[in-house]
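Chain naming here is simple, since letters A, B, ... match the order of the sequence lines and numbering starts at 1 in each. This is a predicted model, so every value here is computed, not measured.
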Amino acid sequence: MPERTMVQAINDALSVALEKDPRVVVMGEDVGKNGGVFRVTEGLWHRFGDDRVIDTPLSESGIIGTAIGLAVGGMLPVAEIQFMGFIYPAFEQVVSHAARFRTRTQGTFPLPLVIRAPYGGGIRAPELHSDSTEALFVHTPGLKVVAPSTPYDAKGLLLASIQDPDPVIFLEPMKVYRTHRQEVPEGWYEVPIGRARKVREGEDVTILAWGAMVPVAEKTADAWAKDGVSCEVIDLRSLYPIDEDAIIESVKKTGRAVIVHEAPRTGGLGGELTALINERAFLWLEAPVTRVTGYDVPVPYFALEDAFRPDVRRVSEAVRQVINF
Amino acid sequence: MLQQVEEKRIGLSYVRPDGTLTDEGRAVWRRIDDEKKMLFYRWMTMARLFDRRSIILQRQGRIGTFAPLEGQEAAQVGSAMALSKEDWIFPTYREHGVQMVLGMPLNLILLYWMGRVEGWRPPELLRLLPPSVPIATQLPHAAGAAWASKLRGERSVAVAYFGDGATSEGDFHEACNFAGVFRLPVIFFCQNNGYAISVPFSRQSATPTVAEKAAAYAFPGIRVDGNDVLAVYEAMVRAIERARNGEGPTLIEAVTYRHGAHTTADDPARYRSEEEAREWVQRRDPLKRYRALLRSEGLLTEAEEREWEEECRRRIDRAVKEAEAEKAAPPTHMFDHVFATPVASLQRQRREWEGDGRA
């Protein structure tokens with residue numbers, strides 16, 4: 001089995017989908033001849049041509065708006081927004097239309113649409129290139145939101161998203177685009193939307209994370225293992241729908257939960273997960289559910305991004321708090 | 001002299017406000033069969049009577065806030081009658097004239113205004129989308145559907161309906177730009193009724209017309225008297241031909257006027273002069289001039305007129321009865337159709353509503 005980075009795995013998924021289904025079109029800014037600013041679509045334009053891999057005008061609302069029309073017209077568009085921080089011009093198309101088409105048309109015009117967007121910080125990018133505003137989309141009924149953290153999951157989740165009859169926001173953590181390689185099967189396989197992945201088994205505390213925070217959670221678990229504390233790490237993968245049962249089962253076992261996300265704290269997904277645990281596992285808790293998150297500030301320019309993003313030190317401190325409570 | 005200037009400003013015109021044909025109009029008139037000539041009249045009349053009845057229903061509290069179209073019948077009927085079943089239609093909330101011409105039953109149109117989403121079940125194979133409420137956002141959808149048609153090698157074209165206010169929105173530009181760049185078989189059909197709620201077109205645009213904006217996207221913009229059903233129909237036929245022949249998009253500006261309010265919650269007296277409204281209602285009315293044309297051509301008698309209006313009222317009465325008899329959807333209906341397969345948390349919320357307690 002070939003070893004691939006996340007960038008290569010996503011490229012492979014797109015290639016497999018384009019090959020399998022003539023309705024699939026890949027569209028966005030620089031996705032064609034240039035192969036994408038991260039080279040995620042490298043080679044696809046040469047292989048599949050201008051009608052399948054489409055360089056669009058620099059026009060986010062136009063990209064998502066026409067992708068909606070393409071989907072209504074029977075295509076399966078996979079639209080790229082170059083960075084999540086640039087998705088806001090298309091926010092109205094996503095919230096007012098993509099999310100509501102099935103309901104509004106009572107299923108007559110479903111909307112099989114995938115919106116890919118690199119997200120999160122950690123790569124020393126300019127302003128607005130490091131946003132993690134997943135909660136905006138999780139809060140919008142009618143959308144599914146996924147964020148893989150490994151090459152294997154990235155390919156499987158992307159194929160599942162393309163196959164899904166409803167709109168999916170597919171978030172790609174730039175920080176881990178190329179940090180590690182993993183065996184990725186050839187051909188079509190799917191990682192189901194709505195299922196979390198148990199990254200490692202543990203007994204004392206559950207760490208919930210997604211995207212580029214998963215490796216931070218793993219390193220924290222490594223550090224605590226040396227001190228005899230066993231952390232269970234769960235990669236949510238799917239932010240809507242959330243795999244509630246996997247989370248509840250884990251927290252009932254460990255009695256403690258630390259939630260890690262890059263997004264600002266207030267109104268972030270961590271609050272939702274805390275409420276979920278309170279509702280379904282309150283009597284099993286040994287300590288208050290704790291969040292380690294970005295701060296409630298605009299994502300700082302990159303000179304300060306390390307101070308903003310949760311790291312091993314901060315997550316370890318949270319683990320210490322819940323263990324010693 | 002002033003009138004001549006005004007006629008020129010108004011663009012393509014075949015039926016003058018007094019119901020006489022221009023020379024060009026006469027040539028077009030000869031090419032159109034009598035059945036179609038009568039259908040123009042019948043649908044415009046139906047649209048007007050349905051519209052008036054809807055306002056009464058709103059006043060009686062039987063439907064919700066309603067967006068009347070009276071005055072815009074020629075723009076809607078003329079354009080819709082040029083379309084075929086395979087074409088994609090992306091309307092706004094003021095397009096019930098378009099909807100009925102395309103085959104949307106009147107009782108379902110009323111259900112929409114009763115706040116009943118479950119009424120959206122257009123007859124099969126009708127590619128008519130529900131009204132788009134956020135302004136101009138449906139224009140990129142029409143461009144996208146046209147794009148799908150082009151990529152799939154289909155014959156169908158797509159039409160986006162919108163008003164003059166929509167031309168100020170970014171999505172107007174983005175949709176026109178995509179359509180121009182990819183030469184998409186799409187028609188952008190603007191009903192310029194002069195006002196976006198209260199704000200006049202001069203405050204929307206520094207260009208005096210909508211049509212000229214098409215030049216920026218390298219496709220034709222046609223300005224047409226939107227109260228002249230024949231001219232609207234002909235402009236639309238040409239645009240559709242162009243699109244089907246692979247020649248790309250067209251922007252049509254149908255210059256018209258809404259006789260009444262923006263919605264039943266609006267008072268146009270606050271922002272329009274009585275004199276202006278009188279000019280449009282009395283002198284430029286689309287239905288009055290077309291009726292006069294049919295009469296002078298010997299195609300319509302007063303008795304036939306009365307008969308058709310009665311028939312319209314009967315059909316509208318029946319539609320109101322049917323809509324009001326439509327069984328109420330259960331409250332849990334709101335959980336249906338959010339996703340193809342309901343997600344677990346949503347199923348739990350549904351059970352919560354049903355009183356089964358939490359999972």
Give the member of [options] that has the highest number of heavy-atom pairs under 4.5 Å with chain A.
{"options": "B:L129, B:V343, B:T137, B:L139", "result": "B:T137"}
{"options": "B:M334, B:R152, B:E174, B:H337", "result": "B:H337"}
{"options": "B:S132, B:A179, B:A148, B:A142", "result": "B:A148"}
{"options": "B:L151, B:L346, B:T341, B:L184", "result": "B:L151"}

Check this for me: does any side-chain nitrogen of one of [X] and [Y] sit under 4.0 Å from a carboxylate oxygen of the other?
{"X": "A:K33", "Y": "A:D55", "result": "no"}
{"X": "A:K198", "Y": "A:E232", "result": "yes"}
{"X": "A:R52", "Y": "A:E19", "result": "no"}

Among A:G73, A:S59, A:A67, A:P241, single out the residue with the greatest number of heavy-atom pairs under 4.5 Å to chain B. A:S59
For chain B, find which of A:P165, A:S61, A:G107 contributes the most heavy-atom pairs closer than 4.5 angstrom. A:S61
Sequence neighbours left out, what pairs pass side-chain hydrogen bond (donor to acceptor under 3.5 Å, both in side chains) with at least one residue falling in residues 70-81 of chain A? A:E80-A:R116
Which residues satisfy the side-chain contact (heavy atoms from CB on, under 4.5 Å) test with A:A257, sequence neighbours excluded? A:V251, A:I277, A:V289
With a 4.5 angstrom heavy-atom cut-off, which part of [X] approaches chain A: side chain, backbone, both or neither?
{"X": "B:V338", "value": "both"}
{"X": "B:W88", "value": "side chain"}
{"X": "B:H173", "value": "neither"}
{"X": "B:S149", "value": "neither"}
{"X": "B:A175", "value": "neither"}

Within 6.0 Å of CZ in B:R116, more than 12 heavy atoms from elsewhere: yes
What part of [X] lies closer than 4.5 angstrom to a heavy atom of chain B: side chain, backbone, both or neither?
{"X": "A:D166", "value": "side chain"}
{"X": "A:L111", "value": "neither"}
{"X": "A:Q106", "value": "both"}

Which label fits A:H97 and B:H141: parallel for a plane angle under 30°, tilted from 30 to 60°, or perpendicular past 60°? perpendicular
Do B:F189 and B:Y161 have their ring centres less than 6.0 Å from each other?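 Yes, ring centres under 6.0 Å apart.
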Quick check: do A:T66 and A:M27 have side-chain heavy atoms less than 4.5 Å from each other?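 The answer is yes; the side chains approach within 4.5 Å.
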